[in-house]
Amino acid sequence: MSSFDESEAPAAGSLSARAMAARPTAPYLDDLNPAQREAVEALDGPVLMLAGAGTGKTKALTTRIVHLLNTGKARPHEILAVTFTNKAAREMKSRVGRTLGEAVEGMPWMGTFHSICVKILRRHQELVGLRSNFTILDTDDQIRLLKQLVRAAGIDDKRWPARALAGVIDQWKNRAWTPDNVPVSEASAYDGKGVALYRQYQTRLCELNAVDFGDLLLHVVTIFQTHPDVLEQYRHRFRYILVDEYQDTNVAQYLWLRLLAGGHSNICCVGDDDQSIYGWRGAEVGNILRFEKDFPGAKVVRLEQNYRSTPHILGAAGGVIAANKGRLGKELWTETEAGEKVRLIGHWDGEEEARWIGDEIEAMQRGTRGLRPFSLDDMAILVRASHQMRAFEDRFLTIGLPYRVIGGPRFYERMEIRDAMAYFRLVISPSDDLAFERVVNTPKRGLGEKAVQTIQRIARENGVPLLDGAAMAVEQGAIKGKGAQALGKLVMDLSRWGRMAGAGEPSPRDIAEIILDESGYTEMWLKPKEDPDDPDESRQPKDHEAEGRLENLKELVKALEQFENLAGFLEHVSLIMENESEEQAEKVSIMTLHAAKGLEFPVVFLPGWEEGLFPSQRTLDAPPENGVEEERRLAYVGITRAEEVCTISFAGNRRVFGQWQSQRPSRFIDELPEAHVEVLTPPGLYGGGYGAAASMHEESGLEARAAEANVYNSPGWRRLREARMSSRPGGQTRGAAVIDAQAVSKHVVGERVFHQKFGYGAIIAIEGDKLEIAFEKAGVKKVVARFVTGTDDVPF
DNA sequence: CAACTAGATCTTTTT
DNA sequence: GATCTAGTTG
């Protein structure tokens with residue numbers, strides 16, 4: 001509680017003195033437009049800032065903070081500013097500092113919901129039955145723990161996966177339901193055993209002195225609800241509250257905010273109902289729609305002047321989002337010139353789409369599209385689902401186009417990092433059973449399932465953590481042979497490393513290195529020694545993959561340099577699951593639409609606009625129409641990321657689960673207003689004059705399908721078809737290099753062929769439309785005939 | 001006990 | 001196609 005003291009004296013006198021001393025006009029206010037200024041200057045009472053995409057939301061928010069400080073209304077530690085991502089928090093901090101002209105070190109309560117909750121929870125942990133230094137479990141640990149409970153309950157975890165239970169529990173926690181509060185309507189969840197398992201899970205977490213992500217909020221809300229005195233402290237402390245991305249708050253976050261703002265109602269929420277895209281993880285658009293009811297007398301300010309995109313891009317986005325019901329309603333406008341229309345293009349399949357986008361990116365880089373040249377950093381590909389990324393990565397690797405994947409498999413989620421972290425955890429807290437289970441046989445120590453079961457039994461019988469159980473098992477001789485020896489060593493090592501960490505000597509970085517080395521973990525990724533007697537033999541990584549893992553471990557150890565101790569590092573990592581390494585080279589960005597929220601790029605590509613992919617099959621299968629609205633908001637988010645050029649595309653065929661499927665263009669394409677769209681005809685994509693074939697086939701396929709679904713009579717679709725026809729006078733096509741059975745018959749066994757990805761090879765067998773080919777470099781593969789060309793320049 | 005093989009299951013989106 | 005699991009073999 002010591003750090004609490006600084007604010008215990010309200011110092012009203014000095015505040016008003018500062019308020020009077022403040023300059024009547026502040027230069028930073030002059031940079032704002034009227035709406036922004038209104039939102040900034042309404043400092044007291046509830047304010048809802050409805051900020052459309054690109055309307056200067058962050059600017060308004062940061063200026064508001066500056067204004068609060070500058071007018072003396074609040075001191076830095078009296079402002080609670082909440083965001084969803086660490087990135088947003090960092091951005092806000094740096095912008096406040098910039099506007100203020102000095103660094104803001106003194107804003108301890110600016111951060112994510114989760115990091116702020118941890119801070120609060122660490123001070124009152126005992127109120128919810130936790131001890132100090134509780135650990136924060138990530139999703140992986142959470143699932144593993146649940147799996148144990150599910151199995152212990154005699155449930156077939158095949159039919160009822162632990163993952164599903166985790167989802168159910170998460171949703172409950174998002175709604176701030178403790179096991180006692182789960183409504184009866186949920187009784188059937190997880191085969192009727194959901195609530196009971198939820199209760200067991202919470203008990204188990206408590207025993208482990210651990211919390212999961214959802215608990216961070218839930219526990220704090222519980223504390224606020226059951227301990228008015230504690231709540232009062234924080235209400236008093238946080239004189240002004242600011243919330244970013246309010247449309248993404250879930251019920252627990254909403255309650256948390258309402259409890260805190262309950263006294264003074266000095267709360268300013270910024271959000272955009274049209275950008276609510278996290279309903280699946282419990283976000284309630286209702287929170288923002290209801291704001292005026294929740295906070296009577298609220299001032300609502302709309303930011304509608306857009307500073308990011310051209311009118312055509314805004315028009316297209318506006319046309320799509322207009323199809324949604326239940327909006328608060330905003331109309332974005334801009335003063336910039338019309339610019340390019342949103343470009344729409346169809347492709348034969350996903351690979352062709354990737355190829356075309358790759359070519360287009362290179363063209364735009366050179367400035368050969370009649371536009372200014374763009375840097376690769378200015379361009380982004382935004383996909384609906386991460387598996388769409390592969391096609392682009394494959395293609396970009398083959399043509400040598402530098403790219404970066406944002407929000408991909410994250411550093412701290414990698415296996416080797418998690419293994420290493422488990423060692424560290426076990427060193428810091430020897431009762432961390434989950435960490436013990438993770439590393440006990442990694443690297444292989446000859447301790448399999450049976451040995452672990454023995455340890456678990458002994459630990460349970462004696463009521464001690466697994467690590468102590470292991471020590472006892474060795475003493476008692478319950479585990480024999482090689483395994484016993486290795487286990488004994490592990491137990492000894494861990495306590496030795498623990499003493500080092502306790503002594504703070506050597507440095508955390510060195511301790512980490514020692515742990516990884518002496519545990520044999522690093523060794524695991526190295527080639528076996530050729531000569532065991534030669535200690536100086538230089539060791540190479542096993543393979544390319546192992547090399548990457550070793551690199552990552554090095555990076556992990558390096559990251560430790562900035563921390564006082566291992567414990568501090570572990571806390572940092574559990575909250576910041578992102579890779580912070582910064583790259584300098586120019587690269588195209590590839591990311592999901594979700595990851596793109598809040599970002600902007602001069603050039604944006606939006607591939608895969610197909611029914612079943614976007615909107616996703618899941619939302620289409622789900623009962624009501626409501627899921628589609630969220631998908632539509634996602635489309636809106638995507639389009640509004642673009643500043644100058646936005647290209648939407650779809651493919652007629654795509655591989656789903658390894659199976660080829662024909663795709664229909666997304667309903668969102670039909671919703672694009674004609675006036676803002678330009679249809680591009682597919683240029684020759686295969687080079688050498690045999691390209692038009694793909695589009696011809698796509699079209700005939702389309703017409704066949706059009707008979708069964710009149711989707712294709714919609715304006716958007718007709719437009720596309722007409723554009724196609726007109727681009728090919730007389731409907732003539734040139735040399736068709738094609739597809740399906742006809743093309744296969746063109747190939748013969750023994751023929752030398754070329755494949756985009758695998759290179760050159762010879763056909764060794766033909767089955768239907770598939771060719772078995774022995775590639776010179778890639779080995780024997782089965783590929784679809786259409787992806788292969790003969791090695792003659794004019795194959796047919 | 002580990003290493004290998006066959007078969008199932010899967011894909012949203014993430015603090 | 002890729003990954004995870006159960007089941008088999010060494």
Side-chain angles (χ1 to χ4, degrees), chain A residues 82-89 111-118 136-140 142-143 147 157-159 161-164 166-167 170 173-174 211-217 244-245 248-250 252-253 276-283 350 382-391 394 406-410 412-413 415 441-452 479-483 486 574-578 591-597 608 612-622 627 630-631 633-635 637-638 654-660 757 781-784:
Chain A
V82 211
T83 63
F84 274 86
T85 63
N86 294 297
K87 208 171 85 191
T112 64
F113 275 103
H114 292 90
S115 66
I116 289 169
C117 281
V118 173
I136 302 165
L137 300 189
D138 61 24
T139 324
D140 203 78
Q142 189 190 8
I143 304 248
K147 193 170 222 162
D157 63 339
K158 207 78 200 200
R159 265 193 69 174
R163 228 192 155 65
D170 272 347
K173 288 186 174 176
N174 286 337
V211 298
D212 66 20
F213 264 95
D215 282 335
L216 293 176
L217 270 144
D244 194 15
E245 307 281 17
D248 290 336
T249 50
N250 61 33
Q253 287 155 341
S276 164
I277 55 176
Y278 284 107
W280 51 271
R281 86 176 186 208
L382 312 182
V383 297
R384 173 65 246 264
S386 51
H387 64 84
Q388 287 171 263
M389 293 179 180
R390 189 181 311 143
D394 280 356
I406 294 182
R410 278 165 300 192
Y412 291 113
E413 282 172 11
M415 187 216 311
N441 199 30
T442 311
K444 306 271 182 248
R445 294 190 173 87
L447 298 159
E449 208 179 330
K450 272 203 176 146
V452 173
I479 292 175
K480 298 173 199 72
K482 254 188 173 173
S574 57
L575 288 171
I576 305 185
M577 299 290 280
E578 53 194 60
M591 68 190 92
T592 64
L593 286 163
H594 284 88
K597 196 167 78 154
L613 183 58
F614 189 34
S616 75
Q617 197 56 50
R618 270 235 187 150
T619 61
L620 294 180
D621 292 342
E630 182 154 314
E631 297 280 305
R633 292 194 287 268
L634 210 40
V637 167
R654 201 173 284 278
R655 197 158 33 197
V656 182
F657 296 144
Q659 213 74 48
W660 281 99
K757 191 168 162 189
K781 304 255 182 203
K782 273 190 189 168
V783 297
V784 181

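Chain identifiers are assigned alphabetically (A, B, ...) following the order of the sequence lines, protein sequences preceding nucleic acid strands; residue numbering begins at 1 within each chain. What you are looking at is a predicted structure, and each value in this text was computed from that prediction instead of being measured. Computed from heavy atoms alone, side chains included, the values below leave out hydrogens, waters and symmetry copies.
Dashed line: the shortest gap from a side-chain N or O of Thr592(A) to OP1 or OP2 of dT14(B) is under 4.0 Å. The side chain of Thr85(A) contributes no N or O atom lying less than 4.0 Å from OP1 or OP2 of dT14(B). Contact between the side-chain N/O atoms of Asn441(A) and the OP1/OP2 oxygens of dA2(B) is found at a separation under 4.0 Å.
A side-chain donor-acceptor contact under 3.5 Å links His594(A) to the backbone of Ile277(A). For the pair Asp244(A) (side chain) and Phe84(A) (backbone), a donor-acceptor distance under 3.5 Å is absent. Glu630(A) places no side-chain N or O within 3.5 Å of a backbone atom of Gly627(A) that could act as its donor or acceptor partner.
The side chain of Arg655(A) sits closest to dG1(C) out of dG1(C), dT15(B), dT13(B). Taking the side chain of Arg281(A) as heavy atoms from C-beta on, and the options dT15(B), dA2(C), dA3(B), the nearest nucleotide is dT15(B). Here the nucleotide nearest the side chain of His594(A), chosen from dT13(B), dT15(B), dT11(B), is dT13(B). The Arg618(A) side chain lies nearest to dT11(B) when the options are dT15(B), dT14(B), dT11(B).
Residue-level contact check: Lys450(A) touches the backbone only, with heavy atoms under 4.0 Å from sugar-phosphate atoms and none from bases. Nucleic acid contact for Lys147(A): sugar-phosphate only, since backbone atoms but no base atoms lie under 4.0 Å from a heavy atom of the residue. Heavy atoms of Ser386(A) sit under 4.0 angstrom from primed sugar atoms or phosphate atoms, though from no base atom. Here Phe657(A) lies in heavy-atom contact (under 4.0 Å) with a base.
Rounded to whole Å, the distance from CD1 on Ile406(A) to C1' on dT13(B) is 16 Å. What separates CE of Met389(A) from C1' of dA2(C) is a distance of 17 Å, to the nearest Å.
A distance cut-off of 5.5 Å between ring centres, combined with a plane angle under 30°, places Phe213(A) in a stacking arrangement with the base of dT15(B).
No side-chain heavy atom of Val656(A) sits under 4.5 Å from any side-chain heavy atom of Gln617(A).
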